[in-house]
Amino acid sequence: MEIQRTDYQWGEFHSPFYRSYTLANFRDIPQIKRLPKQLQFEMEVVGNIFPFKTNNYVVENLIDWKNVAKDPMFILTFPQKGMLKPKHFNKMAEAIKNNLDKKELQNIANKIRLELNPHPAGQLEHNVPKLNDGTKLYGMQHKYNETVLFFPSQGQTCHAYCSFCFRWPQFVGMEDLKFASHETAQLVQYLKEHPEVTDILFTGGDPLIMRTRLLANYLNALLEAKLPNLKTIRIGTKALSYWPYRFVTDEDSYELLELFEKVSASDIHLAIMAHFNHPAELSTDIVKQAIIRIRKKTGAQIRTQSPILRHINDDAKIWAEMWQKQVSLGLIPYYMFVVRDTGAQHYFGVPLVRAQEIFRDAYQIVSGLARTVRGPSMSATPGKIQILGVAKIGKVKAIVLRFLQGRNPTWVQKPFLAKYDDGAIWIDGLKPLEGKDFFFEKELEKILRKENTASGNDVSSAGGGPP
Ligand SMILES: *Cc1c(COP(=O)(O)O)cnc(C)c1O
Ligand code: SF4
């Protein structure tokens, strides 16, 4: 049946032709052509190690081309010299200058990549759930009781390839896409066998890269199964920031909104987990229109999350502005993440103590409606660990932490202490204030041993990615 679209063509709004840019063609971008040759070369050097991807919407609407040295959206989008340590940068620069062939460049790139912790906390065989009959479900992860992560196989790519994201090894082909799943029947079966699961989180990559009819296969299967335990479906996405036409004027945008509406009408809460790294991403008419469409038409709720990133948003004023803008657009601030120990962490990473100060200073100047946000939070092997602040215990300074999610649910919401260290950027850089181990470590070891694997895993900590 022909769908009435007049309502959704939105006057002045229409989808431009989508054009993606990567290392192979970034020099075709007119604004790039005008940049100094040396800068273009640096982008090429770094782009050979960390892949990157963007599109015409980002290039034409989000970047301030008059100020590329400082512009957060430019820095977020294109490779930066500082993302590589000098020895790695020089090695690749030399190889390119010497005109080594593709294969040789690839070999050098892979050697360097292996020094950048491409598999933080052992991503591969982890928290892989099993059906009662023993079938392993590789496209899923079940780390916290209530929530299962699902990685639809057609949603394994992204609008961008962020070098602070744990997914970057996938994008360079160092890691299989073995998370991917297209087995809806198995997903449904798993949810039947696990009545404790209330939430399913579609993540990737970016599940909204999928065409609506593919996404519909998954969602319809869940709706048709009428699972009494399933209360919420979440979809992690960067599409609002990087291609808002997805919800307004793309060919199947109307069907997408209808699909969202159908989920909401079935008494399952649909939550769009949107990644916004900077207020600039909330500034265009088309993103506002996309938000209005989702909120008015579908009953879905949009929640927001982002890592705190040096050079991009390591400033309380930026976060306060971002949360306020989000609230005024009807979005619910949800998480501030800490970037994990992989890829370009040395470039984007912010020390934990500093991250918490930024969080606190921003939180203090927004109204209660924006204080739904929690963070800064590390998605680490034992769980999601929030930095609550610095306290004095007698005369000794200590960092106060707590679990927001834990491998053992009883760890959650119990403050614990670490020795003050204003340089630490991840939980493994912290030491307990007293004793040798944090209170959870022995038990964590047991849990991991029981899983018969060496280390833990977490995959929703991206831009947010689950994102
Ligand atoms: C964050 C996360 C979830 C969801 O946790 P909520 O606190 O419910 O948002 C689920 N699984 C993993 C692995 C996560 O990192
Ligand atoms: S941070 Fe988000 S947009 Fe960037 S690569 Fe990871 S999942 Fe994709």
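In listed order, ligands and their atoms are each counted from 1.
With rounding to the nearest 0.5 angstrom, the CZ atom of Phe403 is 5.0 Å from the CZ atom of Phe416.
For atom 8 (Fe) of ligand 2, the set of nearby N, O or S atoms under 2.8 Å includes none belonging to Cys162. Here Cys165 reaches atom 6 (Fe) of ligand 2: one of its N/O/S atoms is less than 2.8 Å from the metal.
Heavy atoms of His159 stay at 4.0 angstrom or farther from ligand 2. Heavy atoms of Leu201 come nearer than 4.0 angstrom to ligand 1 in no pair at all.
Here is the list of ligand 1 atoms found below 4.0 Å of a heavy atom in Thr147: 8 (O), 10 (C). Of all the atoms in ligand 1, the ones that sit under 4.0 Å from a non-hydrogen atom of Lys384 are 1 (C), 2 (C), 3 (C), 5 (O), 14 (C), 15 (O). Residue contact check: Arg234 has heavy atoms under 4.0 Å from atoms 4 (C), 6 (P), 8 (O), 9 (O) of ligand 1. Which parts of ligand 1 touch Tyr334 is read off a 4.0 Å heavy-atom cut-off, strictly below it: atoms 6 (P), 7 (O), 8 (O), 9 (O).
Using cut-offs of 30° and 60° on the angle between ring planes, the pair Phe26 and Phe78 is tilted.
Within the cation-pi definition used here (under 6.0 Å to the ring centroid, within 45° of the axis), Arg374 qualifies as a partner of Tyr334.
For a threshold of 3.5 Å applied to N or O pairs, the pair formed by Gln405 and ligand 1 contains at least one separation below that value. On a distance-only criterion, Tyr335 and ligand 1 share at least one N/O pair closer than 3.5 Å.
With a 4.0 Å heavy-atom cut-off, ligand 1 is reached by the side chain of Leu149 but not by its N, CA, C or O.
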